[in-house]
Amino acid sequence: MKKPDMKEARKRQNKDINYIKYDGIKEQFGKNKKYYVRTYGCQMNEHDSEKICGMLESVGFKPSDEIETSDIVILNTCAIRENAHDKVFGFLGVLKHIKDTTNPNILVGICGCMAQEEVVVNEILKKYKYVDFVCGTHNLDNLLSLIEQKIETNNRQIEVLSYEGDVVEDIPVIRESKYSAWVDIIYGCDKFCTYCIVPYTRGKQRSRKKEDIVNEVKDLKEKGYKEVTLLGQNVNAYGKDIYTDYNLANLLTDVAETGIERVRFVTSHPWDFTDEMVDVIASYDNVMPYIHLPLQSGSNKILKLMNRRYTKEEYLKLYNSIREKVKNSSITTDIIVGFPGETEEDFEETLDLVNECKYDGAFTFAFSPRENTPAALMKETVSEEVKMDRLHRLNEVVNKYSNEANKRLEGTIQKCLVTDISEKDKNKVCGYTENMKLVNIKGPKSLIGKIVDVRITDAKSFSLDGEYVK
Ligand code: SAH
Ligand code: SF4
Ligand code: F3S
């Protein structure tokens, strides 16, 4: 058993990262067995789940939508806020019931960021005895061995490393979409924003080699993929750990030059966002004009306490330069309210900045203290009631601007990558515009997988309606 240690996880070791190839398991121990994976959290976790599915299927497991009759259920978890925890523990309760009644042999496992937390693993050891295995984020490539050992010995397996592992290439993946693919470019995060648990759960910043990334994109293009999204907790730090003269601007250029039809990237930290990157986004038609640029707070005092390392003036300068240079850009953001020390004036500064930036959309959160992070040790000064009130007031402003941004598109023609049948109306299809707006489209199913022109007929709060043109 290897348990996590959050103090160790804070350290950054000076050793070189190894780049290795995935070492599969030949034995088909999943033959005639079914699996179910539930994913929480960010896009990196969604892509990790695609790897979990890929590894499981490589030894014979088959996917299932039904939990009750599955042989193995894996929860790929997120630790970013307390409510992410609550959801997972709630679902574990459901699984316990299934194990106690209809399916006592079902194997239950936990992966992802919660697996990296000391408090969580201790709680699982004490109270959740029916969890069969816990596999951390740094050794995900070892998942199959853990499952195999559990099956062979019937002993529960806990293996969580508190320092980052190697960069493992060629882990098999089963991708959710046939048209749009996630591509990891950098793992981990070294920014240590004081509220954030990610640097502890995902370890040191580690870039993939540029040729591995570009080859993956070329391969996806050959397979018919229209879009790739380059992934990292802070993609703008790409290359800093392994190259002296190659950065995200260079990588975006090389990926755009493969000719894949759409290139996206998430998430950008404003601190590392260079003019060169803005220029590359502006100059390539296939680099999509959509940028997620987390602000977190509009108060310089709070930004400093958060260790964000930019001022609101620097943020605005970057924001305006993107708006000026990138045609038809859409910019979204993340904002936290109720950080320790946030006064009404600080909060109003955030509202002022939102009023100035008029974002296309924003994800807004109430501060949630996370285990062992510096902000969790700061004295909380904002009551839950005030947090909720600020969140509510912020959302009103945010929604006003996202509605306006949507309204501006009414009557225009937008290029959409059609990906699915619409969830709202089974007779329609749906897809995303270049600047990442969801459109429900009147048009035939045969459009799925294509990039087509769509006339926007109506703007709703969180989506657009449109009709197929050509
Ligand atoms: N790497 C990304 C963010 C990843 S987490 C970045 O740096 O922008 C996504 C968002 O969750 C963050 O941008 C932040 O707004 C929010 N968040 C992170 N930790 C939080 C916490 N402890 N409480 C509330 N919100 C949090
Ligand atoms: Fe967390 Fe900050 Fe890293 Fe984003 S940049 S993952 S908010 S520490
Ligand atoms: Fe959550 Fe981990 Fe992503 S904490 S947001 S799943 S990196």
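Note that ligands are numbered from 1 as they come in the structure, with each ligand's atoms numbered from 1 the same way.
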Go through Ser321 and Val326 one step at a time and tell me if the side-chain contact (heavy atoms from CB on, under 4.5 Å) criterion holds. CA-CA 8 Å; Ser321 116; Val326 182; over 6 Å; no
Per-atom filter on ligand 1: closer than 4.0 angstrom to a heavy atom of Arg308 are 7 (O)
So do Val337 and Thr364 actually touch side chain to side chain, heavy atoms under 4.5 Å? no
Cys113 near atom 2 (Fe) of ligand 3 via N/O/S, less than 2.8 Å: yes
Considering Val235, Asp334, Asn234 one by one, which has a heavy atom nearer to atom 10 (C) of ligand 1 than any of the others? Asp334
What is the nearest protein non-hydrogen atom to atom 7 (S) of ligand 3, stated with its residue, atom name and distance? Gln233 NE2, 3.1 Å
Phe339/Phe367 under ring-ring contact (aromatic ring centres under 6.0 Å, His included): CA gap, chis, key distance, verdict: CA-CA 5 Å; Phe339 189 82; Phe367 170 69; 5.3 Å; yes
Do any nitrogen or oxygen atoms of Ser268 come within less than 3.5 Å of a nitrogen or oxygen of ligand 1? no
For ligand 1, find out whether one of its N or O atoms is nearer than 3.5 Å to an N or O atom of His269. no
Would you kindly specify which portion of Met44 sits under 4.0 Å from ligand 3, judged on non-hydrogen atoms: side chain, backbone, both or neither? neither
Ligand 2 atoms in contact with Arg308 (distance to a heavy atom under 4.0 Å): 2 (Fe), 7 (S)
Looking at the rings of Tyr432 and Tyr179, which for Trp means the six-membered one, are their centres under 6.0 Å apart? no
Does atom CG (Asp86) have a neighbourhood of more than 12 heavy atoms from anything else shown, all under 6.0 Å? yes
Thr267 heavy atom under 4.0 Å from ligand 1: yes
Give the residue, atom name and distance (to 0.1 Å) of the protein heavy atom nearest atom 4 (S) of ligand 3. Ala79 N, 3.3 Å
Below 4.0 Å from any atom of ligand 3, is there a heavy atom belonging to Gly112? no
Sorted by chain and number, protein N/O/S atoms nearer to atom 1 (Fe) of ligand 2 than 2.8 Å are Cys196 SG
Quick one: does Met44 get a heavy atom under 4.0 Å from ligand 1? no
Check contact between Gln43 and ligand 3, using heavy atoms of the residue and a distance below 4.0 angstrom. no
Could you tell me the residue and atom name of the protein heavy atom closest to atom 21 (C) of ligand 1, and the distance to it rounded to 0.1 Å? Ser368 O, 3.6 Å
Can you tell me if Ala375 contacts ligand 1 (heavy atom of the residue under 4.0 Å from the ligand)? no
Under a 4.0 angstrom heavy-atom cut-off, which atoms of ligand 3 come close to Cys78? 1 (Fe), 4 (S), 5 (S), 6 (S)
Where ligand 2 meets His269 - atom numbers and elements under 4.0 angstrom, heavy-atom basis: 5 (S)
From Lys96, Lys150, Arg156, residue fulfilling salt bridge (charged side-chain N to carboxylate O under 4.0 Å, His left out) relative to Asp132: Lys150
